[in-house]
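In what follows, every chain begins at residue 1, and chains take the letters A, B, ... in the order their sequences are listed.
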Protein chains: 2
Amino acid sequence: MGADMTKLDKMSTKCRIIHAAMAIAHSEGARHLTIDAVTVKSGLSKGGVLYHFPSKMALLEGLVIHTLEAVREQIETHMSHLRGRPNATLHALSRLLGDVLDETLTLPVALLAASAENPALLEPVRAEFRVIWNAIRSETTNEPGALVIWHALEGMQFMNMMGLTPGDKAQLRQCLAEIRTMIDELPDKERKSDL
Amino acid sequence: MGADMTKLDKMSTKCRIIHAAMAIAHSEGARHLTIDAVTVKSGLSKGGVLYHFPSKMALLEGLVIHTLEAVREQIETHMSHLRGRPNATLHALSRLLGDVLDETLTLPVALLAASAENPALLEPVRAEFRVIWNAIRSETTNEPGALVIWHALEGMQFMNMMGLTPGDKAQLRQCLAEIRTMIDELPDKERKSDL
DNA sequence: GGTACTGCACCGTCTGGTCGGTTTATGCAA
DNA sequence: TTGCATAAACCGACCAGACGGTGCAGTACC
């Protein structure tokens with residue numbers, strides 16, 4: 001249990017750092033996401049931050065990996081509640097967006113911060129997106145239709161994060177509901193529906 | 001004509017600077033978009049760059065405004081070819097995306113670069129997006145449906161820019177074609193069509 | 001003794017911005 | 001046409017501060 005405590009502490013401190021980094025990236029802009037800023041925001045010392053992430057690249061890498069991991073977990077949780085349902089992956093993604101619509105600390109924030117420093121840091125995200133896309137396309141016969149829906153979901157997340165969405169949250173909810181009916185109307189791989 | 005020449009030269013130099021800034025932001029990441037980097041890329045001197053844009057904020061502001069202006073012009077050009085057609089604004093946006101799908105120097109690149117320095121720089125974009133949204137919603141009775149389509153278009157642009165889109169360009173073209181049929185099936189404001 | 005830090009001094013480089021100066025284009029009078 | 005004043009366009013050395021990162025002595029805890 002001692003080991004567990006140690007591990008938990010380590011994780012929670014790392015989380016504090018990453019959380020601080022996300023908050024800075026979102027409110028101040030990726031340009032002002034500096035180690036010193038993270039130091040202040042997280043309440044640690046510079047040495048403390050650099051103890052966990054020996055360089056800024058490592059920090060951003062950690063930020064991407066950590067956020068990606070969280071996303072993956074949330075998707076899997078939703079997926080487990082959707083077993084057997086047609087187009088379960090798209091449904092899971094739509095639920096994920098529903099969860100995340102009010103939060104500010106989302107995957108796109110991490111993407112922006114990381115790509116500002118080094119676009120190559122997005123590689124693990126690309127890999128994950130390929131996996132997601134393969135899951136999506138394996139569930140429907142209408143690939144272009146599914147791709148449109150996925151792009152709509154991602155577009156909502158991006159625009160919402162940058163504060164570019166017009167109208168209020170009710171409108172976004174309505175938009176999300178529309179997307180969900182579109183997913184329901186997507187042909188299943190087994191029993192190809194109408195059209 | 002002397003005055004015209006002067007004005008043209010001035011504009012072309014400003015364009016060179018902005019073009020250089022965009023290229024850097026896209027290839028190196030917003031973090032490395034520095035005045036010095038722009039100096040080198042544009043072939044000017046530091047003083048020369050700062051003569052046209054007296055600060056980095058001014059440069060980024062110029063970058064956003066300039067890109068937004070270009071987008072607005074392209075939309076209006078497409079709109080003039082779509083006079084009277086239902087949901088003309090969405091159609092214009094879809095054509096714009098078609099034009100831009102292969103280019104790397106797009107509005108989102110400017111958005112990322114600007115928001116990395118100062119999120120407040122996105123305000124003119126927000127204003128423009130409100131205008132676009134009002135145009136879109138004025139043309140259909142199915143607002144949520146239109147919003148989904150718009151988000152899909154923006155999502156495609158963002159994901160394409162960050163290299164997150166899976167599959168090849170043919171797939172994207174197919175996706176865009178799908179979006180266009182969806183726009184065609186959107187109810188017009190006058191004669192509300194099926195369902 | 002190892003892990004997880006704090007606190008701080010320090011370094012080299014990068015960055016935004018200033019400033020004095022130079023070149024180039026323009027306008028105008030002799 | 002020439003000469004010259006004036007301003008716009010541009011150059012590049014320089015500076016102060018920010019930034020990423022190092023190194024190390026010390027501490028608290030298991």
_From CD1 of B:Ile17 over to P of D:dC11, roughly how many Å is that when rounded to an integer?_
10 Å
*Within this structure, what is the CE-to-C1' distance between A:Met57 and D:dG21, rounded to whole angstrom?*
15 Å
*asked:* Against the six-membered ring of A:Phe53, is A:Lys14 placed for a cation-pi contact (under 6.0 Å from the centre, within 45° of the normal)?
replied: yes
*asked:* What I want to check is whether the side chains of A:His91 and A:Asp184 have a donor and an acceptor closer together than 3.5 Å.
replied: yes
*Ignoring hydrogens and angles, state whether a donor on the side chain of A:Ser94 or A:Arg180 is under 3.5 Å from an acceptor on the partner side chain.*
yes
*Given atom NZ of B:Lys46 and atom C1' of C:dC14, what is their separation to the nearest angstrom?*
9 Å
*Nearest to the side chain of B:Ser45 - C:dG16, D:dG20, D:dC10?*
D:dC10
_Side chain of A:Asp36 only, heavy atoms from C-beta on: which candidate in C:dG17, D:dC19, C:dG7 is closest?_
D:dC19
*Report yes if at least one side-chain N or O of B:Tyr51 is closer than 4.0 Å to OP1 or OP2 of D:dA9; otherwise report no.*
yes
*Of all heavy-atom pairs between B:Ala152 and A:His151, which one has the smallest distance, and what is that distance?*
O-CB, 3.8 Å
_Let's see if you can work this out: which of C:dT6, C:dT15, D:dC11 has an atom nearest to the side-chain heavy atoms of A:Arg31?_
C:dT15
*B:Lys56 side chain, from C-beta outward: closest of D:dC19, D:dC10, C:dG16*: C:dG16
*Take the protein atom CG of B:Leu50 and the nucleotide atom P of D:dA8, then report the distance between them rounded to whole Å.*
18 Å
*Find the distance B:Glu28:CD to C:dC14:C1' and express it as a whole number of Å.*
15 Å
_Rounded to whole Å, please give me the gap between CD in A:Glu117 and P in D:dC19._
12 Å
*Does OP1 or OP2 of C:dC5 have a side-chain N or O of A:Thr13 closer than 4.0 Å?*
yes
*Given atom CG of B:Leu44 and atom C1' of D:dC11, what is their separation to the nearest angstrom?*
10 Å
*Considering all heavy atoms of both residues, which atom of B:Lys46 and which atom of B:Asp36 are nearest to each other, and what is their separation?*
NZ-OD1, 3.4 Å
_Does D:dA18 have OP1 or OP2 under 4.0 Å away from a side-chain N or O of A:His32?_
no
*Closest nucleotide among C:dT15, C:dC5, D:dA8 to the B:Thr34 side chain*: C:dT15
_Please confirm whether the shortest side-chain N or O distance from B:His52 to OP1 or OP2 of D:dA8 is below 4.0 Å._
no
_Rounding to an integer number of Å, can you tell me how far A:Phe53 CZ sits from D:dG21 C1'?_
16 Å
